[in-house]
Structure formats: C-alpha cells, structure tokens
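Just so we're clear, the structure is a prediction, and the values are computed from it rather than from any experiment. Any value given below was found using the heavy atoms of this structure, including those in side chains, with hydrogens, waters and symmetry copies removed.
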Amino acid sequence: MKIIKKILTGLLIFILIDLIAALAISFNIKSIIIDGIIKETIKQQVTAKEYQENSYTISEEQIKQITDDERVQEILNSPEVQGLLEKYLDTTVNGLIDESTLDEVELEKDMMNFLKENKEVLENKVGVEITDEMIDQVAEQAEGKDMTRAFKDNIRNSSKTMTTTEKKVLKGYSYIISNSFRILVIVLMIIDLILIAILQKSFYKWIKSMSHAMIISGIGTIKIGRAHVW
C-alpha cells in the first residue's frame, strides 16, 4: 500500500511540475517571442539596406550605429514599446487565424497615440525634445505611406498561403496565452495539491512537494527561454 501511495504521489508531483511549467510558459511565451524573434527581426530589416529620402542617403553602417545605440536599445526594451509589440503580435496572430479581426487595425493612429502618450519617456531616453510639430510631421509621412492597408494586405496574403496545420498551431498559441487556459491550469493545480495532501495525510507536506515542483519547473522554463533567445 505504501508503495502504491509513493507511486501515486510521485505521479501527481510530476503532473504538478508540468502544470506549473505550462502556467509559466503561458505568461512568458509572448515576451520570449518578442525579445528573441521580433526585436531581432526589426533590427535585421532596418539594417538590411541603406535608406534614401530625396537626395539624402543613410548608409547601412550609419543605420547599424543607430540600432546598436544604447538609447535605442533602451527604447526597444521599455515597457511602453513592449506593450505596443505585444498588441501587434496578438493582432498579427488573430489576423492570420481570422481575417475579420483586421477591421479594427489602425496602425497610424496607434503610432501617433504611442508617440503622444510616451513623449516624455522617449525624450528622456533619447535626450532630445520631441515637439508637436515633429509628431505632426511623422503623422503626415505615416498617412502618406498607408501602412495600415499594407499591414492588412500582408496579413491576408500570408493567411491565404498558410496550411491548416500552421493555423492550428497559431490557434494553440492563442489558447495557451488566454485567461481561460490559465484558469484551467490553476484549477488543475489546486486539485492536484489536494490529492497530494490526501495521499500524504497532511495539509502541510504538500507545501514541500509544491516547492520542489516549482524549483524543477522553474529551471526547465528558464532553459527553454534561453534556448529560444539564443
């Protein structure tokens, strides 16, 4: 009987480790994708070729110096930019799954709101005053390029070329980061801990089991995060 209890307890602890890891991944997978993929992609796209505006040309080397600047890195890593990137990561994923969700996308408006709401933050990090005239100029340039339409068209075209399996993966990702998934995992964790407490005939020993499970799952999650970043 003791052996059976030990086996069942070990199984429940193993399940608990998986549940804690799943919850940690749910809360961290978005930032892992943004930090490990999206920000690097932005830098690569920006430094991919020289930029020319009328008669003025910015070379690849000059662009690289800008993107490698500590102030630029601070802006990219700021909570404000993180929030904007998270919003458009969600928008992109949802748009690839269901094109109708793109109807509410207003890229230019979101950019202008971001500049206005975080003007002081950007000024402090860059060390340059951002005037209303500068923001208006950016708004005019953005509207002229019609970035919202280009963004929507790219998403729609990508959605049409995606396979059923790829869309299922995106739907799985969307579910993993959803509140309903997190609530389900927490409920299962509570049930799991109650069962462990019943098997151990103690309402205190389960704390030790949970601590061990959190340490193991934490180490595993950190390794996964580092693997994705590198």
Any [X] side-chain heavy atom under 4.5 Å of [Y] side chain:
X: Val93; Y: Leu89; answer: yes
X: Arg156; Y: Lys152; answer: yes
X: Lys168; Y: Thr165; answer: no
X: Lys160; Y: Glu99; answer: yes

Report the C-alpha distance between Ile97 and Lys167 in whole Å, list the side-chain angles of each, state the deciding distance to 0.1 Å, and finish with yes or no for side chain to side chain contact (heavy atoms under 4.5 Å, CB included). CA-CA 6 Å; Ile97 296 171; Lys167 288 193 175 184; 5.6 Å; no
Please report the shortest heavy-atom distance between Leu12 and Asp192, naming the atom on each side. O-OD1, 2.9 Å
Heavy-atom pair of closest approach, residues Thr101 and Val105: O-CG2, 4.4 Å
For the atom pair [atom1] ([X]) and [atom2] ([Y]), what is the distance rounded to the nearest 0.5 Å?
X: Leu8; Y: Ile13; atom1: CG; atom2: CD1; answer: 11.0 Å
X: Leu102; Y: Asp153; atom1: CG; atom2: CG; answer: 9.5 Å
X: Ile194; Y: Leu199; atom1: CD1; atom2: CG; answer: 12.5 Å
X: Asn154; Y: Arg149; atom1: CG; atom2: CZ; answer: 10.0 Å

I'd like a table of donor-acceptor pairs (distance under 3.5 Å, sequence neighbours excluded) in which one partner is a side-chain atom from residues 173-191, with atom names and distances.
| unit_1 | atom_1 | unit_2 | atom_2 | d |
| --- | --- | --- | --- | --- |
| Ser174 | OG | Leu170 | O | 3.1 |
| Ser178 | OG | Tyr175 | O | 2.5 |
| Ser178 | OG | Ser180 | OG | 3.1 |
| Ser178 | OG | Phe181 | N | 3.3 |
| Arg182 | NE | Ser26 | OG | 2.7 |
| Arg182 | NH2 | Ser26 | O | 2.9 |
| Arg182 | NH2 | Ile177 | O | 3.4 |

Show, in sequence, the C-alpha distance, side-chain angles and deciding distance for Glu133 and Gln137, and conclude whether the side chain to side chain contact (heavy atoms under 4.5 Å, CB included) test is met. CA-CA 6 Å; Glu133 289 75 16; Gln137 187 177 4; over 6 Å; no
Quick one: which residue pairs count as a ring pair (Phe, Tyr, Trp, His ring centres under 6.0 Å) with a foot in residues 82-109, not counting sequence neighbours? Tyr88-Phe151
Check this for me: does any side-chain nitrogen of one of Asp90 and Lys30 sit under 4.0 Å from a carboxylate oxygen of the other? yes
For residues Leu195 and Phe14: do they belong to one hydrophobic cluster (side chain heavy atoms under 4.5 Å, members Ile, Leu, Val, Met, Phe, Trp, Tyr)? no
Expected output: side-chain Ser159 to main-chain Ile155 donor-acceptor under 3.5 Å: no
Would you say the side-chain atoms of Glu106 and Thr148 include a donor-acceptor pair closer than 3.5 Å? no
Pairs under 3.5 angstrom only: tabulate donor-acceptor contacts from the side chains of residues 111-122 to other protein residues two or more places apart or in another chain.
| unit_1 | atom_1 | unit_2 | atom_2 | d |
| --- | --- | --- | --- | --- |
| Asn113 | ND2 | Lys109 | O | 3.3 |
| Asn118 | ND2 | Phe114 | O | 2.9 |
| Lys119 | NZ | Ile130 | O | 3.4 |

Criterion side chain to side chain contact (heavy atoms under 4.5 Å, CB included) on Leu96 and Thr92, from CA distance to verdict: CA-CA 6 Å; Leu96 290 169; Thr92 301; 4.1 Å; yes
